[in-house]
4 protein chains.
Amino acid sequence: MSTPAAVHGEPRRRGRPPAGVAEQTRLAVLDAAVACFADQGYGSTSLRTIAERAGLTAGSVYHHFPSKQALYHAAYLYAFEVVYLSYEDSVVGRGSLLAELNAMLDRTSVIMETNQAMVAFISKSSAELSPRELGPLPQPVPWERFRDGMVHRAVERGELTEADARLFQRVFATLLWGLSSVGLRDPVARAECVEGLKRLLAGTLVAKAPPPALHP
Amino acid sequence: MSTPAAVHGEPRRRGRPPAGVAEQTRLAVLDAAVACFADQGYGSTSLRTIAERAGLTAGSVYHHFPSKQALYHAAYLYAFEVVYLSYEDSVVGRGSLLAELNAMLDRTSVIMETNQAMVAFISKSSAELSPRELGPLPQPVPWERFRDGMVHRAVERGELTEADARLFQRVFATLLWGLSSVGLRDPVARAECVEGLKRLLAGTLVAKAPPPALHP
Amino acid sequence: MSTPAAVHGEPRRRGRPPAGVAEQTRLAVLDAAVACFADQGYGSTSLRTIAERAGLTAGSVYHHFPSKQALYHAAYLYAFEVVYLSYEDSVVGRGSLLAELNAMLDRTSVIMETNQAMVAFISKSSAELSPRELGPLPQPVPWERFRDGMVHRAVERGELTEADARLFQRVFATLLWGLSSVGLRDPVARAECVEGLKRLLAGTLVAKAPPPALHP
Amino acid sequence: MSTPAAVHGEPRRRGRPPAGVAEQTRLAVLDAAVACFADQGYGSTSLRTIAERAGLTAGSVYHHFPSKQALYHAAYLYAFEVVYLSYEDSVVGRGSLLAELNAMLDRTSVIMETNQAMVAFISKSSAELSPRELGPLPQPVPWERFRDGMVHRAVERGELTEADARLFQRVFATLLWGLSSVGLRDPVARAECVEGLKRLLAGTLVAKAPPPALHP
DNA sequence: CATGAATGAGATTTCATTCAT
DNA sequence: GATGAATGAAATCTCATTCAT
């Protein structure tokens with residue numbers, strides 16, 4: 001847990017420098033920060049807590065990040081990168097939007113199990129971005145790339161009209177964000193959520209035409 | 001903002017205010033708490049900020065709530081009650097699950113406009129409930145009542161099998177929570193979200209059977 | 001406990017006015033103050049605690065005493081009066097200094113049992129009189145009258161030389177104050193203390209002439 | 001006094017002080033704590049006052065002691081150790097109980113002169129140990145060792161019967177505690193106290209057999 | 001006479017941050 | 001690169017006190 005590893009245990013693909021000791025410490029701090037921020041929120045997390053979880057003292061954190069805010073920003077980018085690389089990986093080679101969505105939902109289950117803190121952090125971050133104390137957060141590029149790629153492919157495949165693309169983007173975000181709120185803590189809830197969303201997307205959850213019966 | 005002003009404009013005086021004012025003050029504090037907690041999260045919100053927004057001094061808040069934590073709990077119950085009474089109201093008299101869902105989505109738009117802070121607070125609260133700092137939060141009864149009522153009626157109408165009821169509960173939560181994450185700040189996003197979700201529920205967003213066309 | 005009664009249940013002798021309701025409340029507050037100050041010290045006792053113990057609210061205390069400090073002063077005079085009236089009573093009619101001392105020690109046992117709080121308060125007060133926060137405390141007249149009376153009678157009887165009178169005053173104070181420190185909480189310690197002091201005064205505790213044996 | 005100054009005069013600088021200084025700071029805080037607690041009692045002493053007297057800021061005290069209560073406990077152990085080491089030293093080599101008591105009384109005078117604050121602190125502490133605010137205080141081992149040693153030697157020498165040993169312990173405590181209450185502030189009172197107690201112990205203060213004269 | 005809402009000052013404690021070692 | 005003593009600001013909370021009701 002304190003030596004960062006990619007979501008799936010595979011060696012990190014995009015070239016990170018061959019990790020000297022300093023780099024390892026940096027990653028340990030980032031992991032600790034993600035976990036703490038996810039658990040308690042920005043304001044309630046102290047640098048001392050993060051530092052201790054990473055195995056150093058508060059003062060030492062300043063050798064790696066110039067301020068608590070900067071550490072939050074770095075953790076933010078870090079978490080998005082780790083999680084969405086895994087998502088990108090999960091949809092490779094699927095032939096349809098529905099297949100991609102299903103694969104992604106399955107992967108969500110896995111990520112939530114193995115990287116709970118990162119998902120929780122990301123989920124919380126969207127609410128936390130009050131610029132009053134955090135300053136403007138950078139756009140989470142990996143998430144946008146993943147989302148846009150999926151939409152783009154669906155349009156190319158003809159599963160989505162250009163006009164609907166934007167709508168779908170929103171719905172997609174809604175589902176993912178909702179899922180990380182609802183399915184995060186409880187594995188049962190998580191499984192039911194994923195199953196339910198699959199059925200919803202497949203159109204087999206809600207009866208389209210309710211028995212148009214006699215209703216006073 | 002920084003000079004405390006009474007809820008109704010005048011500076012507070014010494015001595016006992018006339019009967020009934022105390023309750024008004026309590027509500028003012030609750031409203032301020034909801035707004036501040038929603039904006040900055042529990043840990044980053046100071047009682048001084050809340051008190052000033054409500055027009056009193058920090059110490060006075062302790063006449064109405066015994067601790068910051070207790071204030072959070074009270075605000076939590078308060079927000080759920082206000083929001084879900086509105087939701088209950090929105091689905092009265094609709095004849096089908098889809099109709100109820102559509103009405104509820106429309107009402108969401110309205111609530112998000114007029115009670116942004118309450119929705120934001122509720123949305124955040126689900127992530128915030130780390131018992132380390134907040135203690136165990138009470139069950140949000142109004143939300144559960146609303147959700148269960150909707151499911152119950154759908155089952156009675158035959159739109160949902162008993163077996164699917166649980167799945168639908170989860171999906172329903174996911175959509176609502178996702179919506180409050182994604183559509184909260186930006187009215188355009190909000191509108192697109194609502195529209196997209198309606199289409200998703202109606203089954204007209206994602207093409208069920210992608211043209212199994214010629215794909216190299 | 002909250003309706004003040006003289007140490008021995010006898011009706012108070014020196015004329016207090018026939019106690020209207022206000023006077024009763026005043027005494028209840030004084031009793032509560034003595035108990036609280038004795039228990040926690042001046043700085044750690046809050047007016048609210050005292051008021052609650054007396055059955056009213058903090059604000060009401062100000063109808064009877066103009067400030068916390070003034071309440072402390074009043075409690076100080078009150079406790080000394082109650083306790084030393086009882087002491088005066090205990091030595092009436094004894095024929096010798098030793099007899100008076102023995103009677104007084106016995107009475108101490110009784111008072112500590114029935115009026116523990118008052119004794120504790122008096123005992124603590126001698127340390128508490130830092131004028132920084134309490135202002136100058138009035139001389140505790142009842143104590144001085146009791147002490148001086150006892151010495152005066154002893155001198156008249158020829159048990160104490162004029163020259164030793166002052167020394168005896170000091171010793172007397174030392175014994176009484178020591179006793180309230182050591183024997184206050186534990187009844188066994190109290191009994192042993194009283195017994196030991198009697199023996200010390202009688203000259204039968206410490207062997208005067210240690211076996212003048214062969215000591216290199 | 002209100003501008004923090006280091007123990008040795010200079011204002012404290014940022015950054016880590018050279019080794020060994022930390023221990024000095026700790027002792028400075030303990031000394032300041034003893035002085036302040038003795039002067040004003042636990043509840044009325046603020047950490048800010050203590051810190052300023054020790055030459056640092058209130059927050060810095062928390063590097064050395066985790067809470068005000070813990071600081072009190074540490075000061076308690078510290079004061080007992082300092083004072084009773086001095087007492088132990090004073091009775092070394094005396095040949096009789098009376099000689100030891102006299103030596104101890106003389107030493108009391110000296111200690112009260114040079115370490116007034118410590119004696120006052122110890123004296124107050126016995127009244128202050130209301131566990132409501134201070135938690136359970138540790139046993140003051142140095143005091144018990146001193147007391148028990150003295151009694152033990154007296155019994156061995158045959159000056160005290162086994163049966164009287166317990167009584168003497170109590171009397172001894174009473175005298176010492178009384179002395180620190182009565183003789184603390186005023187040097188004249190102190191001298192008279194010591195002198196009087198010596199006479200009392202020697203049996204030459206109170207006339208044993210009062211002229212059994214004619215008493216109406 | 002008593003209440004209780006409110007104030008404003010101050011208490012304890014936490015914490016981001018600095019910097020000599 | 002890491003430590004840990006120290007700062008100074010701010011946070012939560014308490015409390016003596018006031019005063020309209």
Side-chain angles (χ1 to χ4, degrees), chain A residues 20-22 25-26 43-51 55-64 66-69 71, chain B residues 4 6 11-19 21-23 25-26 43-51 55-69 71, chain C residues 20-22 25-26 43-51 55-64 66-69 71, chain D residues 4 6 11-19 21-23 25-26 43-51 55-69 71:
Chain A
V21 169
T25 306
R26 209 189 108 97
S44 300
T45 300
S46 81
L47 267 195
R48 211 178 123 274
T49 311
I50 295 174
L56 6 74
T57 60
S60 307
V61 172
Y62 284 83
H63 282 283
H64 303 277
S67 71
K68 189 187 178 187
Q69 217 190 86
L71 173 56
Chain B
R12 269 170 214 264
R13 309 223 188 80
R14 282 296 179 85
R16 182 183 228 190
V21 166
E23 188 56 23
T25 305
R26 214 189 105 98
S44 301
T45 299
S46 87
L47 269 192
R48 213 181 116 273
T49 314
I50 295 174
L56 0 78
T57 60
S60 305
V61 172
Y62 286 84
H63 261 279
H64 301 276
F65 304 95
S67 69
K68 188 186 176 186
Q69 217 189 87
L71 173 56
Chain C
V21 168
T25 305
R26 209 188 108 97
S44 300
T45 300
S46 81
L47 267 195
R48 210 178 124 274
T49 311
I50 296 174
L56 6 73
T57 59
S60 307
V61 172
Y62 285 84
H63 283 282
H64 302 277
S67 72
K68 188 187 177 186
Q69 218 189 85
L71 173 57
Chain D
R12 265 167 217 268
R13 309 224 190 79
R14 281 298 179 86
R16 181 185 229 191
V21 166
E23 188 55 23
T25 304
R26 213 189 104 98
S44 301
T45 299
S46 87
L47 269 192
R48 212 181 116 272
T49 313
I50 295 174
L56 3 77
T57 60
S60 305
V61 172
Y62 285 83
H63 260 278
H64 302 277
F65 305 95
S67 69
K68 188 187 179 188
Q69 216 190 86
L71 174 56

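No experiment lies behind these values; they were computed from the predicted model shown. Each chain gets a letter, A, B and so on, in the order its sequence line appears, and its residues count up from 1.
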Using atom [atom1] of [X] as one end and atom [atom2] of [N] as the other, report the distance to the nearest whole Å.
{"X": "A/Lys68", "N": "E/dT18", "atom1": "NZ", "atom2": "P", "value": "15 Å"}
{"X": "C/Tyr62", "N": "F/dA16", "atom1": "OH", "atom2": "P", "value": "7 Å"}
{"X": "D/His64", "N": "F/dA5", "atom1": "NE2", "atom2": "C1'", "value": "6 Å"}
{"X": "D/Gln69", "N": "E/dA11", "atom1": "CD", "atom2": "P", "value": "18 Å"}
{"X": "D/Ile50", "N": "E/dT12", "atom1": "CD1", "atom2": "P", "value": "8 Å"}
{"X": "D/Leu56", "N": "F/dT7", "atom1": "CG", "atom2": "C1'", "value": "10 Å"}

Nearest-nucleotide 5' precedence on DNA chain E, C/Ala58 against D/Pro66: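 The residue mapped nearer the 5' terminus is C/Ala58.
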A/Arg48 vs B/His63, nearer the 5' end of DNA chain E by closest nucleotide: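 Checking each residue's closest nucleotide, the 5'-ward one belongs to B/His63.
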B/Ser60 or A/Gly59, whichever maps to the more 5' nucleotide of DNA chain F: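 The residue closer to the strand's 5' end, by nearest nucleotide, is A/Gly59.
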Inter-residue atom distance D/Leu56.CG - D/His63.NE2, 0.5 Å rounding: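 With rounding to 0.5 Å, CG (D/Leu56) is 10.5 Å from NE2 (D/His63).
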D/Tyr62: partners by side chain to side chain contact (heavy atoms under 4.5 Å, CB included), with sequence neighbours left out: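 With sequence neighbours excluded, D/Tyr62 shows a side chain to side chain contact (heavy atoms under 4.5 Å, CB included) to D/Leu47, given in chain and number order.
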Sugar-phosphate only, base, or nothing, as touched by C/Thr49 at under 4.0 Å among non-hydrogen atoms: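 C/Thr49: no heavy atom of the nucleic acid under 4.0 Å.
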Sugar-phosphate only, base, or nothing, as touched by B/Ser44 at under 4.0 Å among non-hydrogen atoms: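 Touches nothing.
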Are any of [X]'s side-chain N or O atoms less than 4.0 Å away from OP1 or OP2 of [N]?
{"X": "C/Ser46", "N": "F/dT14", "answer": "no"}
{"X": "C/Thr57", "N": "E/dG4", "answer": "no"}
{"X": "A/Thr25", "N": "F/dA2", "answer": "yes"}

Among residues at least two apart in sequence or on other chains, which ones pass side-chain hydrogen bond (donor to acceptor under 3.5 Å, both in side chains) with [X]?
{"X": "B/Thr45", "value": "none"}
{"X": "A/Ser46", "value": "A/Thr49"}
{"X": "D/Ser67", "value": "none"}

Minimum heavy-atom distance between A/Gly43 and B/Ser44, given as atom pair plus value: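 For A/Gly43 and B/Ser44, the tightest heavy-atom pair comes out as CA-OG, 3.0 Å.
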Smallest separation among heavy atoms of A/Arg48 and A/Ala58, with atom names: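 Heavy atoms of A/Arg48 and A/Ala58 come nearest at CA-CB, 4.1 Å.
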Proximal nucleotide (of E/dT13, F/dC13, F/dT7) relative to the D/Leu47 side chain: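 The listed nucleotide nearest to D/Leu47's side chain is E/dT13.
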Pairing string, 5' to 3', for DNA chain E - Watson-Crick or wobble contacts under 3.5 Å, brackets [ ] where pairs cross, | to another strand: .||||||||||||||||||||
